[in-house]
Amino acid sequence: MRPFLFYNSWRNRMSDLRVRFAPSPTGYLHIGGARTALFNYLLARKEGGTFVLRIEDTDVARSTQESTDAILQAMDWLGLSYDEGPYYQSQRSELYQEKIDQLLEEGKAYRCYCTAEELEEKRNKAQAEGRKPKYDGTCRDRADQPIDQPHVVRFRSPDSGETAFDDKIKGRISFDNDELDDLIIRRTDGTPTYNFVVVIDDATMGINLVVRGDDHVNNTPRQIPMYEALGFPVPEFAHVPMILGADKSRLSKRHGATSVMAYRDLGYLPEAMVNYLVRLGWSYGDEEIFSMDELIEKFSLDNVGRSAGVFNPEKLLWLNAHYIKNGDIDRITGLVAGHLAEMGVKTENGPDMVAVVRSLLERAQTLVELAEGARFYFADTIEYEEKAQNKFLTADKKEPLEAVIKHLEAMAECTEESVEQAFAAMMEATGLKFGQFGPAVRVALTGTTSSPSNYEMIAILGIEESCKRIRAAIEVLK
RNA sequence: GCGCUCAUCGUCUAGCCUGGUCUAGGACACCGGCCUUUCACGCCGGCGACGGGGGUUCGAAUCCCCCUGGGCGUACCA
C-alpha cells in the first residue's frame, strides 16, 4: 500500500517547472507554433508545473487583436489550457524601461547615434568585403551620450570568450563571443526589442525552461549575457526542430494549409492534430496513437529528435480517420451536424442523425467528407449521377424494383435484419440475383454507386422514404 | 560569405549514448491479395533506407575525421 501512496503523491506533486508559450500576434496560430505550444503544455502537465501564455506584441505595427484572438481560439480548440496569462508585452513597457535604465547606469548598455541608413551601409560594405556584418562599435566608447539626440540603446556584449549552454534537445551548443553583436535593445522610438524583452519576461515570470523553435538557437547566446548582466538566473533551453514542407524548405502557405484552425474547418478533429503534431519530432517506441492523457504521461524531451521534420498531410489524414472511427459517436454527430448546417442542408425532418453518421463513419476521413456523404439522407429528391443512372437505372429494372417495394412494404418492422430478410424473400420469390437489382436500389436511394449498404440505408431511411425513392427511380428508367 | 545546427525507407521514425542479438523494426503513402451488396473499413503480403569517403575495431547504422547536402540565423522582425 505504501509504495502506491508514494507513487500517487509523486505523480501529483507540484513541481517548480515553469514553461511558456510566447507567440507574436501577427497572424494565426500555425502548425509549428502549435507544436511548440503543445510540447510546453505537455511538459507542464506532466511535471505538475506551470504553463504561462505570453503575447509578444512589441511590434506594434504588425500585432493585431484579431491575431491574438485567433491564437487563443486555436489553443482552446487543441485543448491547450494555460495556468497564467495571457500576459501582454505591450502592457509591460514600464518594466522594460526600468531595466534599460539600469543597464545604462551600470554601463552595461550604451546609447548609439548611428542611423539605420548608416548601419545598413556599413553592413553592406562589410559583407561585400567579406567581413562579418556586425556592428562596428562606433558609439561603444563614445564619451558624450546626449539624451536629446535621436538614438537607440545597445547592449554591451562580451567581446571575448565563449557563451555556451546545454540544450535539452540538442546537447551542448557554444558560440564564440566575438560573433556576438551589440544588440539594439531599445529603438529610436523608445520601444524595446524582442531579444531584450524576452529575457526580461522569461526572467521576471520565473520561466526556468524555455522550449521554443529551433530558429531561436542563435538568439540564445545573445540572451544569456543579458540574463547575467541583469543578475537573473539563466533558464534551461530546449530548441525544438523546425517543421518543413514537402520540398524541405520552411513550411509555408504554398505547402498547403498552415493554420491550425484551417484544419478544423477542413473537418479535422483536434485530437488528430495533437497526435500528429506530437509524433512529428517525438516518438515513443513504435506507438502511433496517443490520447492527450497518454501524452501527458509519456511525453519527454528525451525522445524529441534533433532534426527537422517534413509535414505530411497524409498521415494527419490517416490519424483523423482513425479518430473519426473511434471517437464518441454523439460528439462526432454533433460536429457533422454543424458542417451540414454550414452547407445549408436541412436535417430536421430527416432520419436519425446518429444512425446516419454511424453508417458513414468508416468511409470518411474528415468531418466534411462525412457531411457530404450524409447529404443524400436528407435530400427531398435524388439527383442521379449520369453514369450511375445510365448503367443501373435501365428499363429492365422495373419489375425487380417493384418487387423490392412490395417486399419492403410487407415488413412489420424496419431494421437492417428485416430488410435483409425482405431482400432474401424477394430473391427467393423472383429468382433474381442481388446484382440484378441491388445496384439499382443503391442508385435510387442515393443517386450514386458508392454508399453504405442497402440494408443499412433502408433501415435508416425507413420504409416509406425508401419506397418513395425507388418509385421515383422507376419513373426515370430508360 | 560567416556562425549555429542536422543527416536511417518518398515521409514520420525505432535502433546510435552503453559497437556484435540489424539479412536495420514500426507507421503513413504506394502496389498486390483476402473479405465483400457498391464504396470503404479490416486483415495478410510486397516495394522501400543507414548521403559519400576515410579511419578506429576481430566487428560500425552505432565511435572519430573530412566531404556533400539540408535547415536556421546573420534587422531599430519576432
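Between A:Y268 and A:Y323, the distance from one ring center to the other does not fall under 6.0 angstrom. Aromatic rings from A:H216 and A:Y194 are positioned such that their centres are separated by under 6.0 Å. For A:Y284 and A:F299, the distance between ring centers is not under 6.0 angstrom.
Counting non-hydrogen atoms of other residues, nucleotides and ligands closer than 6.0 Å to NZ of A:K168 gives a total of 12 or fewer. Heavy-atom contacts from other residues, nucleotides or ligands closer than 6.0 Å to NZ of A:K406 number 12 or fewer. The number of heavy atoms from other shown groups lying within 6.0 Å of CD (A:E162) is above 12. The number of heavy atoms from other shown groups lying within 6.0 Å of CD (A:E94) does not exceed 12.
Here A:E179 pairs with A:K132 under the salt bridge (Lys or Arg N to Asp or Glu O under 4.0 Å) rule; sequence neighbours left out. Qualifying side-chain contact (heavy atoms from CB on, under 4.5 Å) partners for A:D215, counting only residues two or more places apart in sequence or in other chains: A:M242, A:R250. Under the salt bridge (Lys or Arg N to Asp or Glu O under 4.0 Å) criterion, A:D136 pairs with A:K122, sequence neighbours left out. The side-chain contact (heavy atoms from CB on, under 4.5 Å) check on A:L335 picks up A:L269, A:R331, A:L367, with sequence neighbours excluded. Applying the salt bridge (Lys or Arg N to Asp or Glu O under 4.0 Å) criterion to A:R279, with sequence neighbours excluded, gives A:E288.
Counting any heavy atom pair closer than 4.0 Å across all strands shown, A:G281 reaches sugar-phosphate atoms only and no base atom. Among the atoms of the strands shown, only primed sugar atoms or phosphate atoms (P, OP1, OP2) are found under 4.0 Å from some heavy atom of A:R222. The residue A:N219 sits close to a base: some heavy atom pair falls under 4.0 Å. Using a 4.0 Å heavy-atom criterion, one finds that A:V152 contacts the bases of the nucleic acid, with or without backbone contacts as well. As judged by a 4.0 angstrom heavy-atom cut-off over every strand, A:R123 is placed among residues touching the sugar-phosphate backbone only. Residue contacts for A:N454: at a heavy-atom cut-off of 4.0 Å it reaches a base atom on one of the strands shown. Note on A:P23: nothing from the nucleic acid sits closer than 4.0 angstrom, heavy atoms only. Across all strands, A:D181 comes closer than 4.0 Å to no nucleic acid atom at all (heavy-atom distances). Contacts of A:R62 with the nucleic acid, taken as non-hydrogen atoms under 4.0 Å apart, include base atoms. As judged by a 4.0 angstrom heavy-atom cut-off over every strand, A:T26 is placed among residues making no nucleic acid contact. Using a 4.0 Å heavy-atom criterion, one finds that A:S24 contacts the sugar-phosphate atoms exclusively. Using a 4.0 Å heavy-atom cutoff across all strands shown, A:K325 reaches sugar-phosphate atoms only and no base atom.
A:I184 has its CD1 atom 11 Å from the P atom of B:A78, to the nearest Å. As a whole-Å value, the separation of A:E121 CD from B:C76 C1' is 16 Å. The CG-C1' distance, from A:N275 to B:C28, rounds to 12 Å in whole Å. Rounded to a whole Å, the CD1 atom of A:I185 is 17 Å from the C1' atom of B:A78. Rounded to a whole Å, the OH atom of A:Y135 is 24 Å from the P atom of B:G73. Summarising the geometry, the separation between NZ on A:K122 and P on B:C76 is reported as 12 Å, rounded to the nearest angstrom. To the nearest angstrom, P of B:U11 lies 13 Å from NE2 of A:H255. Atom CG in A:L251 sits about 11 Å away from atom P in B:C72, given to the nearest Å.
Atom CG in A:L277 sits 5.5 Å away from atom CD1 in A:I243 (nearest 0.5 Å). A distance of 8.5 Å separates OG in A:S466 from CE in A:M457, rounded to the nearest 0.5 Å.
B:A14 is unpaired under the criterion used here, namely a Watson-Crick or G-U wobble arrangement in which both key atom distances are under 3.5 Å. For B:A7, the paired nucleotide is B:U68, the pair qualifying as Watson-Crick or G-U wobble because both relevant distances are below 3.5 Å. Nucleotide B:C22 is matched to nothing when pairs are restricted to Watson-Crick or G-U wobble geometry with both distances under 3.5 angstrom. With a cut-off of 3.5 Å on both Watson-Crick or G-U wobble distances, the partner of B:A40 is given as none. Nucleotide B:A29 has no partner under the Watson-Crick or G-U criteria, as no pair reaches both atom distances under 3.5 Å. Under the Watson-Crick or G-U wobble criterion, with both distances below 3.5 Å, B:U56 has no partner in any strand shown.
A sub-4.0 Å separation between OP1 or OP2 of B:G42 and a side-chain N or O of A:R363 is absent. OP1 or OP2 of B:A14 lies within a sub-4.0 Å distance of a side-chain N or O belonging to A:S283.
Residues from residues 421-445 of chain A lying near RNA chain B, meaning a heavy-atom separation below 4.0 Å, are A:F434, A:R442 in numerical order. RNA chain B lies under 4.0 Å from no heavy atom of any residue of residues 29-38 of chain A.
Between A:R172 and A:D167, none of the side-chain N atoms (NZ, or NE/NH1/NH2) sits under 4.0 Å from a carboxylate O, so this pair counts as no salt bridge. Ion pairing between a basic and an acidic side chain is recognised when a charged N comes within 4.0 Å of a carboxylate O; A:E121 and A:K125 show no such pairing. Taking the charged nitrogens against the carboxylate oxygens, A:E369 and A:R363 have no contact shorter than 4.0 Å, which rules out a salt bridge.
Note on ring orientation: taking the six-membered ring where Trp is involved, the planes of A:F237 and A:H239 are parallel (angle under 30°, cut-offs 30° and 60°).
B:A14 and B:U56 have their P atoms separated by 31 Å, with the value rounded to a whole Å.
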Task: Base versus backbone protein contacts along nucleotides 2-8 of chain B [heavy-atom cut-off under 4.0 Å; B, S, -] - done: SBSSSS-

Task: Contact pattern, 5' to 3', of nucleotides 63-68 of chain B - B, S or - by protein heavy atom under 4.0 Å - done: ------

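Sorted by first then second residue, the salt bridge (Lys or Arg N to Asp or Glu O under 4.0 Å) pairs that include residues 422-442 of chain A, not counting sequence neighbours, number zero. Within the structure, the ring-ring contact (aromatic ring centres under 6.0 Å, His included) test picks out the following pairs touching residues 108-139 of chain A (sequence neighbours left out): A:Y113-A:H151.
Regarding the sugar-base torsion, B:C41 falls in the syn class, its angle being within 90° of 0.
Side-chain proximity of A:S249 to B:C39, B:A78, B:G71: nearest is B:G71.
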Please enumerate all protein N or O atoms sitting under 3.5 Å from an N or O of nucleotides 25-27 of chain B, with distances to 0.1 Å.
unit_1, atom_1, unit_2, atom_2, d
B:G25, N2, A:D286, OD1, 3.2
B:G26, N2, A:R279, NH2, 3.4
B:G26, N2, A:E288, OE2, 3.2
B:A27, O4', A:E288, OE2, 3.3
B:A27, O2', A:K315, NZ, 3.4

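In this structure, A:H216 does not count as stacked on the base of B:G73 under the 5.5 Å centre distance and 30° plane angle limits.
Residue side chain A:T449 does not reach the base of B:C39 through any donor-acceptor N/O pair under 3.5 Å, judged by distance alone. For a distance-only test at 3.5 Å, the side chain of A:N312 fails to qualify as a donor-acceptor partner of the base of B:A29.
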